[in-house]
Amino acid sequence: MRKNIAMLALMFGSFTMVSVQAQDTNSAEKTVIAKAQSSATFEVNGKCGMCKKRIEKAALGQEGVKSAVWDVKTKALAVKYDPAKVSEADIQKQVASVGHDTAQAKATDEAYNSLPGCCKYTRK
């Protein structure tokens with residue numbers, strides 16, 4: 001009987017160690033995933049729902065961008081992205097390329113002038 005109890009204790013101890021190791025590995029994986037995603041919020045000039053679609057589509061068209069949401073009222077674009085694939089500056093340049101000025105990137109006159117009339121904002 002004592003032999004069986006000792007064997008069970010040994011087995012239980014081994015199981016506990018394996019379980020703890022599995023949890024540590026899972027935690028490390030979650031940390032790596034969290035580090036692989038960054039977020040940023042920056043101002044993008046625009047005026048309407050058409051601007052919203054264009055701005056979000058431009059940001060999402062950049063490789064590494066996971067999500068992009070532009071708020072018409074606040075003019076803020078919130079993005080989540082993989083910093084190993086793209087930088088915030090790259091995202092701002094991409095948005096500017098479709099006619100919308102940002103804090104770090106100004107749209108070309110040609111891109112701005114190609115916007116529909118309802119989308120033309122006052123440039124700084």
Side-chain angles (χ1 to χ4, degrees):
M1 176 103 165
R2 287 184 185 179
K3 202 175 198 182
N4 288 342
I5 293 173
M7 188 68 121
L8 284 173
L10 181 62
M11 288 173 56
F12 180 74
S14 296
F15 175 75
T16 303
M17 187 186 308
V18 170
S19 177
V20 169
Q21 287 174 344
Q23 287 175 354
D24 288 345
T25 302
N26 192 20
S27 177
E29 288 174 6
K30 287 180 182 177
T31 301
V32 169
I33 291 168
K35 287 182 181 178
Q37 186 170 317
S38 291
S39 61
T41 302
F42 51 89
E43 184 179 346
V44 178
N45 290 310
K47 293 176 71 177
C48 65
M50 286 175 54
C51 295
K52 177 177 175 63
K53 287 181 185 178
R54 186 180 311 103
I55 291 165
E56 290 174 356
K57 183 178 178 181
L60 289 167
Q62 186 75 43
E63 182 183 359
V65 175
K66 307 293 183 192
S67 70
V69 178
W70 184 71
D71 186 281
V72 176
K73 291 179 184 178
T74 64
K75 311 296 185 230
L77 176 63
V79 293
K80 289 185 181 178
Y81 62 96
D82 180 347
K85 294 181 180 179
V86 67
S87 68
E88 181 183 339
D90 292 334
I91 299 167
Q92 290 197 35
K93 288 176 192 172
Q94 179 73 13
V95 170
S97 76
V98 297
H100 296 275
D101 295 342
T102 73
Q104 294 181 13
K106 186 173 178 176
T108 64
D109 289 339
E110 182 180 355
Y112 174 78
N113 290 333
S114 70
L115 294 174
C118 64
C119 296
K120 293 197 175 164
Y121 50 89
T122 304
R123 296 184 90 180
K124 297 174 186 175

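All residue numbers in this chain count up from 1 along the given sequence. Treat the numbers as computed from the prediction; the structure is a model and nothing was measured.
Shown here for Lys120 and Leu115, the closest heavy-atom pair between the two residues is CE-O, 3.2 Å. Here the shortest heavy-atom pairing between Pro83 and Ser38 reads CG-OG, 3.5 Å. Shortest non-hydrogen contact noted between Ala68 and Val79 is CB-CG1, 3.9 Å. When all heavy atoms are compared, the tightest approach of Ala76 to Thr41 is CB-CG2, 3.8 Å.
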Per-pair distances, 0.1 Å, donor-acceptor, side chain in residues 93-100, under 3.5 Å, sequence neighbours excluded:
unit_1: Ser97; atom_1: OG; unit_2: Gln94; atom_2: O; d: 2.6
unit_1: His100; atom_1: ND1; unit_2: Asn45; atom_2: O; d: 2.7
unit_1: His100; atom_1: NE2; unit_2: Arg54; atom_2: NH1; d: 2.9

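Note on Asp90 versus Lys85: no salt bridge recorded, every NZ/NE/NH1/NH2 to OD/OE distance being 4.0 Å or above.
Of the inter-residue distances, the one linking Asp101 atom CG with Thr122 atom OG1 reads 11.0 Å to the nearest 0.5 angstrom. Here the CG atom belonging to Leu77 is positioned 11.0 Å from the CD atom belonging to Glu43, to the nearest 0.5 angstrom. Atom-to-atom distance recorded for Ser87:OG and Asp82:CG is 11.5 Å, nearest 0.5 angstrom. We find the OG-OH distance between Ser67 and Tyr81 to be 11.5 Å, quoted to the nearest 0.5 Å.
Two residues are said to be in side-chain contact when any heavy atoms from C-beta on lie closer than 4.5 Å; Lys106 and Tyr112 fail this criterion.
No donor-acceptor pair under 3.5 Å is formed between the side chain of Lys47 and the backbone N or O of Tyr121. Remark: side-chain polar atoms of Arg123 are paired, donor with acceptor, to backbone N or O of Ala107 under 3.5 angstrom. Under the 3.5 Å distance criterion, the side-chain polar atoms of Glu56 are matched with a main-chain donor or acceptor of Trp70. For the pair Gln92 (side chain) and Thr102 (backbone), a donor-acceptor distance under 3.5 Å is absent.
Leu60 is not connected to Val69 by any chain of hydrophobic side-chain contacts under 4.5 Å among Ile, Leu, Val, Met, Phe, Trp and Tyr, and they are in different clusters.
A search for ring pair (Phe, Tyr, Trp, His ring centres under 6.0 Å) contacts involving Phe42 returns nothing, not counting sequence neighbours.
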Requested in this report: Apply side-chain contact (heavy atoms from CB on, under 4.5 Å) to the pair Val86 and Glu63, showing each step before the final yes or no.
Outcome: CA-CA 7 Å; Val86 67; Glu63 182 183 359; over 6 Å; no
